[in-house]
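Following: one structure in structure tokens, then a few remarks.
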Amino acid sequence: MTTLTKRSRRTDAPISTESRGQEEEEEQKSRATEEEEDGDSKALRLTLMEEILLLGLKDKEGYTSFWNDCISSGLRGAMLVELALRGRIQLQPQSMRRKTLSERKVMLKSDAPTGDVLLDETLKHIKNTEPAETVASWIDLLTGETWNPLKMHFQLPQVRERLAKSLVEKGVLTTGKQNFVLFDMTTHPLVNEKEKERLLQRLQASLLDRWTNEPHRLPRRTLALLVLAHGSDVLERSLTSLPDDRYEIASRRAKDMLEGDIKQQSIKVTTPAEEVIWAVSAALNRA
């Protein structure tokens, strides 16, 4: 994946226009907090996977950059984080021999259905797998990056297309077709500019007006969005609409937080979901 780079000149890009029980109660509280901070409790609720895809899609063309080879892994990481935020998975508890987040296995916490097809497919794989796998291993398996033919069935097919169709159903995207001489490709241009703009403003504000020097004071879904956007190589593109001075501030803060020592960040985690968020960050930032 690429790192955030210092802007050498102003980019003339226009501003983009866009369990059960206690675990579910905690998730509802988390979402309620996000809605308060967004200032719009009626905002359309998207999953982290849908938000990352929306950030990566070109508004008019309706497809992701052909040069982005990080977003597939980022979307699988988003599924793991979403499951953790919903109280379905967690990392194995620490033992006498303390392990890093990257070394700890993903454990099932609740097999209650989420109502989301992709999440439930992932949850089923995790439930039925012995021995347990690490976060990094699950991202590779769900992406299909494995040499073991006995594990190829873990690959989730057509993830981008399925997420795009979900966004079409929610009125955020539409469906089109573009000819590339040798082949036709289904595209999903943006139609709900307000939703894209709301998402961009939330992400940008977390690095500017709502910035804290302590990442763990950020709402968990906002922290997850920053980690996943960076790991999916769509964060820098999400900041290009900012004026030069604010872009420099936001990109510097993001780099300090997301490209620093993840072990140091993980020491201060307070919830199982935060452990998964930073474990995903470590997996997506592998050399």
Side-chain angles (χ1 to χ4, degrees), residues 1-2 4-5 11-18 38 43-82 116-119 139 142-144 156-181 183-207 221-222 224-242 247 250-251 254 258 280 284:
M1 58 166 289
T2 61
L4 290 165
T5 57
T11 302
D12 291 327
I15 189 164
S16 300
T17 56
E18 77 144 275
D38 291 344
L44 184 63
R45 180 57 57 188
L46 304 179
T47 65
L48 287 169
M49 303 89 73
E50 291 167 341
E51 289 179 332
I52 293 302
L53 181 64
L54 188 55
L55 291 174
L57 283 173
K58 299 179 180 180
D59 294 352
K60 295 182 179 180
E61 293 87 344
Y63 53 84
T64 57
S65 170
F66 295 129
W67 308 109
N68 188 337
D69 58 356
C70 301
I71 196 167
S72 292
S73 296
L75 291 173
R76 274 66 175 188
M79 294 175 197
L80 296 177
V81 175
E82 188 74 52
D116 181 283
V117 176
L118 283 171
L119 292 180
I139 290 176
L142 296 173
T143 309
L156 296 178
Q158 299 180 315
V159 167
R160 292 188 219 188
E161 183 64 23
R162 293 159 76 180
L163 289 172
K165 287 182 178 179
S166 177
L167 288 170
V168 170
E169 293 173 358
K170 293 180 178 180
V172 180
L173 305 177
T174 188
T175 302
K177 191 174 291 291
Q178 184 162 338
N179 180 270
F180 286 93
V181 182
F183 62 95
D184 290 334
M185 184 175 76
T186 301
T187 60
H188 298 283
L190 180 70
V191 291
N192 189 337
E193 296 180 354
K194 181 178 179 181
E195 182 61 28
K196 177 71 172 282
E197 180 62 21
R198 184 194 69 82
L199 177 60
L200 287 171
Q201 288 179 352
R202 177 159 68 92
L203 188 149
Q204 293 170 0
S206 67
L207 294 169
R221 296 189 74 86
T222 300
L225 181 63
L226 283 169
V227 165
L228 293 165
H230 179 258
S232 303
D233 199 15
V234 299
L235 179 56
E236 185 172 6
R237 182 172 180 270
S238 302
L239 303 177
T240 55
S241 61
L242 292 169
Y247 172 90
S251 60
L258 301 169
V280 167
L284 295 179

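Basis for what follows: all heavy atoms, side chains included, without hydrogens, waters or symmetry-related copies. All residue numbers refer to positions in the sequence shown, counting from 1.
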For the residue pair M49 and A78, what are the closest heavy atoms and their distance?
CG-CB, 3.8 Å

Just wondering, are more than 12 heavy atoms of other shown residues or ligands nearer than 6.0 Å to NZ in K165?
no

Worked verdict on L200 versus L55 for side-chain contact (heavy atoms from CB on, under 4.5 Å)
CA-CA 8 Å; L200 287 171; L55 291 174; 3.7 Å; yes

Closest approach of S238 to S241 (non-hydrogen atoms, all atoms of both residues):
O-OG, 4.5 Å

Residue pair Q204, Y247: steps toward the side chain to side chain donor-acceptor pair (under 3.5 Å) verdict
CA-CA 9 Å; Q204 293 170 0; Y247 172 90; over 6 Å; no

If you round to the nearest 0.5 Å, how far is CG of L226 from CG of L207?
5.0 Å

Give me the atom names and distance for the closest heavy-atom approach of I139 to T143.
O-OG1, 2.5 Å

Do R160 and I71 touch side chain to side chain, with heavy atoms closer than 4.5 Å?
yes

K177 atom NZ: more than 12 heavy-atom contacts under 6.0 Å:
yes

I need the single residue from I52, L118, L57 that forms a side chain to side chain contact (heavy atoms under 4.5 Å, CB included) with L163. Which is it?
L118

Hey, does L239 have a side-chain heavy atom less than 4.5 Å from the side chain of L203?
yes

Quick one: are V159 and L53 in side-chain contact, heavy atoms under 4.5 Å?
no

Between L46 and L167, is any pair of side-chain heavy atoms under 4.5 Å apart?
yes

For the student: nearest non-hydrogen atoms of V172 and L190, plus distance
O-CD1, 3.5 Å

Under 4.0 Å between a side-chain nitrogen and a carboxylate oxygen: does that hold for R221 and E51?
no

Determine yes or no for a side-chain-to-main-chain donor-acceptor pair under 3.5 angstrom, with T187 supplying the side chain and P189 the backbone.
no

Judged by modelled atom types alone, do E161 and T186 share a side-chain donor-acceptor pair under 3.5 Å?
no

Side-chain (S73) to main-chain (C70) donor-acceptor, under 3.5 angstrom
no

Would a 4.5 Å heavy-atom cut-off, applied to side chains only, mark V168 and V191 as touching?
no

Is the backbone N or O of S232 less than 3.5 Å from a side-chain atom of N68, with the two atoms forming a donor-acceptor pair by type?
yes

Of the non-hydrogen atoms in G171 and N192, which two are nearest, and what is the gap between them?
O-CB, 3.4 Å

From CG (L173) to OG (S166), nearest 0.5 Å:
9.5 Å

Are the side chains of L156 and L75 in touch, meaning some heavy atoms are under 4.5 Å apart?
no

In the structure I gave you, are the side-chain heavy atoms of V81 and V227 within less than 4.5 Å of one another anywhere?
no

With a 4.5 Å cut-off on side-chain heavy atoms, are R202 and L225 touching?
yes

Stepwise side-chain contact (heavy atoms from CB on, under 4.5 Å) check, E50 with E82
CA-CA 11 Å; E50 291 167 341; E82 188 74 52; over 6 Å; no

